[in-house]
Every structure is written in C-alpha cells, then in structure tokens.
Amino acid sequence: MIVKHLDDILGTAADVDTDGWTSRRLIYKQDGMGYSVNDTIIKAGAELEMEYRNHLETVYCIEGEGEITDLATGLTHSIRPGTLYALNDHDRHILRANKGVPMRMVCVFNPPLSGREVHDESGAYALAD
C-alpha cells in the first residue's frame, strides 16, 4: 500500500516549479503503478502550449477556471471545477488559466512520469527509460 500526503511532497524533488505551473508528483514511475498522478497548479494568467507526444494524460479540475484549445480543431472548451479532459490522441493544445486565479488540477499520465520532467521545446515530456 502507498500512502502519501501533499505536505510530504512540498519542497522535495517531487515538487517541480516552472514559470507557468507547479506540479507535485504524488505517484510516479518508481512507485510501480503503471501511471503517475500529479497535483498541479496552473499559475494565474498562464498560457501553455503543449503536446504530450509520449504520454496520454487525463486532467480533472478541482479549483480555478480557464480554458483549453485543441489546436487541431480550433475548438476551445471552458474549464472549471468538475471539468475533466483527456488528451487521448496526443492532442496539441493551449491551456489557459484565468488571470488573477490559478487552476488546480489532478493529472494522470500513462506511461508514468519519472518525477522531474519539465516540458521540452515542443511542449512534451521526454519518455522515461
């Protein structure tokens, strides 16, 4: 059984901070679950262009508001608490958090992240060995 608390992650190597987001990696590759789970803050006003070429991701919003734009179709969807989206086709997208209020998201990745990834120039995470 694996039991963790967010307080145990904060300030450790599993607490990854960038200009646009902070990701607290709760479950990652070394835990052996076959997926990873992150508690992620999208910083207020952030606009992030991403494409997870090596991972599938499901995201559930628990705080804040924003939107996601599918760059293949141009469709934009509102995000608010209770919204789930799944990037089931390695979808290139832009994620925006409303100004003034960050979004808090629970993110699940398959295959799992190793724990210290940050986006490369294409907006993807490298595939862990």
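- Salt bridge absent: Arg24 and Asp17 never bring a charged side-chain N and a carboxylate O closer than 4.0 Å.
- Using modelled atom types and a 3.5 Å distance limit, the side chains of Ser23 and Arg25 yield a donor-acceptor pair.
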**Q.** Derivation and outcome, side chain to side chain contact (heavy atoms under 4.5 Å, CB included), residues Leu113 and Glu57
**A.** CA-CA 11 Å; Leu113 302 180; Glu57 181 190 28; over 6 Å; no
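- The backbone N or O of Thr18 sits less than 3.5 Å from a side-chain atom of Lys43, completing a donor-acceptor pair.
- A pairwise comparison of heavy atoms in Asn54 and Pro111 identifies O-CD, 3.4 Å as the closest pair.
- When each of Val16, Thr40, Asp15 is checked for a side chain to side chain contact (heavy atoms under 4.5 Å, CB included) with Thr22, only Asp15 meets the rule.
- Rounded to the nearest 0.5 angstrom, Thr73 OG1 and Arg92 CZ are separated by 14.0 Å.
- Residues satisfying the side chain to side chain contact (heavy atoms under 4.5 Å, CB included) criterion with His90, sequence neighbours excluded, are Leu56.
- Within a 6.0 Å sphere centred on CG of Asp19, heavy atoms belonging to other residues, nucleotides or ligands number 12 at most.
- Interatomic distance, NE2 of His93 versus CG of Leu71, reported as 8.5 Å (0.5 Å rounding).
- Nearest heavy atoms, Gly34 versus Pro112: O-CD, 3.5 Å.
- Closest of all the heavy-atom pairs between Ala46 and Gly20 is CB-O, 3.6 Å.
- Nearest heavy atoms, Asn98 versus Gly66: OD1-CA, 3.5 Å.
- Under a hydrophobic-cluster definition in which Ile, Leu, Val, Met, Phe, Trp and Tyr are linked whenever side-chain heavy atoms come within less than 4.5 Å, directly or via other members, Ile41 and Leu6 are assigned to different clusters.
- Taken from CD1 in Ile94 to CD in Glu49, the straight-line distance is 4.5 Å, to the nearest 0.5 Å.
- Cluster membership for Leu84 and Leu87, using ILVMFWY side-chain heavy atoms within less than 4.5 angstrom, is not shared.
- Grouped by direct or indirect side-chain proximity (heavy atoms under 4.5 Å, Ile/Leu/Val/Met/Phe/Trp/Tyr only), Val101 sits alone.
- In this structure, Met105 is not a member of the same hydrophobic cluster as Ile27, with clusters built from ILVMFWY side-chain heavy atoms closer than 4.5 Å.
- Inspection of the Thr69 and Arg96 side chains reveals an N or O donor paired with an N or O acceptor under 3.5 Å.
- Using a distance-only test at 3.5 Å, with no hydrogens or angles considered, a donor-acceptor pair links the side chain of Lys4 to the main chain of Leu26.
- Rounding to the nearest 0.5 Å gives a distance of 10.0 Å between OH of Tyr85 and OG1 of Thr58.
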Side chain to side chain contact (heavy atoms under 4.5 Å, CB included) between Met103 and Leu95: does it pass, once the steps are laid out?
-> CA-CA 10 Å; Met103 287 192 298; Leu95 181 62; 3.8 Å; yes
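- The hydrophobic cluster containing Ile62 does not contain Ile79, counting ILVMFWY residues as joined when their side-chain heavy atoms lie under 4.5 angstrom apart, directly or transitively.
- Pairing each heavy atom of Pro81 with each of Gly64, the nearest pair is CD-O, 3.1 Å.
- In terms of heavy-atom proximity, Ser36 sits nearest to Tyr28 at CB-CA, 3.8 Å.
- Tracing side-chain contacts under 4.5 Å through hydrophobic residues (I, L, V, M, F, W, Y), one never reaches Val59 starting from Val106; they form parts of separate clusters.
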* Go through the steps to decide whether Leu48 and Ile42 satisfy the test side chain to side chain contact (heavy atoms under 4.5 Å, CB included), and finish with yes or no. => CA-CA 9 Å; Leu48 309 170; Ile42 307 300; 4.1 Å; yes
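- Between the OG1 atom in Thr12 and the CG atom in Leu10 there is a gap of 7.5 Å [rounded to 0.5 Å].
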- prompt: Is there a side chain to side chain contact (heavy atoms under 4.5 Å, CB included) between Ile68 and Thr76 once you walk through the steps?
  reply: CA-CA 6 Å; Ile68 186 169; Thr76 297; over 6 Å; no
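- Side chain of His5 to main chain of Asp7: a donor-acceptor pair is present (N/O by atom type, distance under 3.5 Å, no hydrogens or angles).
- In this structure, SG on Cys107 lies 14.5 Å from OH on Tyr35, to the nearest 0.5 angstrom.
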